[in-house]
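Structure first, then comments.
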Amino acid sequence: MVFVVDDDAGVRAAIQGLLKSAGLQSRCFGTTEEFLGSGRPDAPSCLVLDVRLPGANSLDFQRELADAGFRIPIIFITGHGDIPMTVKAMKSGAVEFLTKPFRHQDLLDAIHQALDRDRVAREQERELTELRRRYGLLTPREREVMALVVRGMLNKQVASELGTSVITVKIHRGHVMRKMQAESLAQLVTMAAKL
């Protein structure tokens, strides 16, 4: 889904027509308030945002979205861009900053890049949510064992650290591997690093 926010109805219609011809779904808005009130589908999306909107500073809006945890890749379009504005937008994570009139292919390329970026971010978030869910299944003792194992400690060292037997550590370690769905110690270490 491509969201377009531009106060010029002609620009909105032109971009929407271009997106439709490229097989992309879009929703257009004249203001940032309309966009915020619209809801966001649970699918890869991006925002094509005009820099100069009446009563709104789009660069500030970009920051407000990020501060609110509303992660969406943004492509800025403007008829009045300058280098400092472009630098600020890009440093804040914008995918692209296009000056009107821009080539249709440049906009489509930026949109595809933004959608790919959002797709990857969503997948990483799903993976992290699943890892956290699995980690939540561990008992407090299993979490202690996991923390020591991923630091590279042997079962004997873990047993000594926790004041328990090697057999008990092996049992807890087995539970950790099963609950975390880790096939190897290396995989468990990678999971722990993501948590």
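Quick note: residue numbers are just sequence positions, from 1.
- Ion pairing between a basic and an acidic side chain is recognised when a charged N comes within 4.0 Å of a carboxylate O; D6 and K100 show such pairing.
- Taking CE of M180 as the reference point, atom CD of Q187 lies at 9.5 Å (rounded to 0.5 Å).
- With L98 as the partner, the side chain to side chain contact (heavy atoms under 4.5 Å, CB included) test is satisfied by one option alone out of I77, V51, T86: I77.
- Counting only heavy atoms from C-beta outward, the side chains of L59 and F76 approach each other to under 4.5 Å.
- Other members of the cluster containing I83 are V87, with ILVMFWY side chains joined at under 4.5 Å, either directly or via other members.
- Judged by distance alone, the side chains of D109 and Q105 do bring a donor and an acceptor atom under 3.5 Å apart.
- How far CG of L36 is from CZ of F3: 10.5 Å, rounded to the nearest 0.5 Å.
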For this session: Give the intermediate values and the outcome of side chain to side chain contact (heavy atoms under 4.5 Å, CB included) for residues Q181 and L131.
Result: CA-CA 9 Å; Q181 299 176 16; L131 273 180; over 6 Å; no
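- In this structure E96 satisfies the salt bridge (charged side-chain N to carboxylate O under 4.0 Å, His left out) test with no other residue, sequence neighbours excluded.
- Atoms CD1 and CZ, on I74 and R117 in that order, are 10.0 Å from each other to the nearest 0.5 Å.
- For D7, the side-chain contact (heavy atoms from CB on, under 4.5 Å) test picks out D50, L53, P54, with sequence neighbours left out.
- Relative orientation of the F29 and F35 rings is perpendicular, given thresholds of 30° and 60° on the angle between their planes.
- Each of L47, L115, D118 was checked for a side chain to side chain contact (heavy atoms under 4.5 Å, CB included) with P73, and the lone residue meeting it is D118.
- Once rounded to the nearest 0.5 Å, the distance linking CG of L162 with OG1 of T168 reads 10.0 Å.
- Remark: L148 CG to R143 CZ distance equals 14.5 Å, nearest 0.5 Å.
- Qualifying salt bridge (charged side-chain N to carboxylate O under 4.0 Å, His left out) partners for R141, counting only residues two or more places apart in sequence or in other chains: E144.
- Scored by the salt bridge (charged side-chain N to carboxylate O under 4.0 Å, His left out) test, R134 finds E130 as partners (sequence neighbours excluded).
- The closest side-chain heavy-atom distance from R63 to S92 is not below 4.5 Å.
- The salt bridge (charged side-chain N to carboxylate O under 4.0 Å, His left out) test applied to D116 returns R119, not counting sequence neighbours.
- Rounding to the nearest 0.5 Å places CZ of R122 at 5.0 Å from CG of D42.
- More than 12 heavy atoms of other residues, nucleotides or ligands shown are found within 6.0 angstrom of NE2 on H112.
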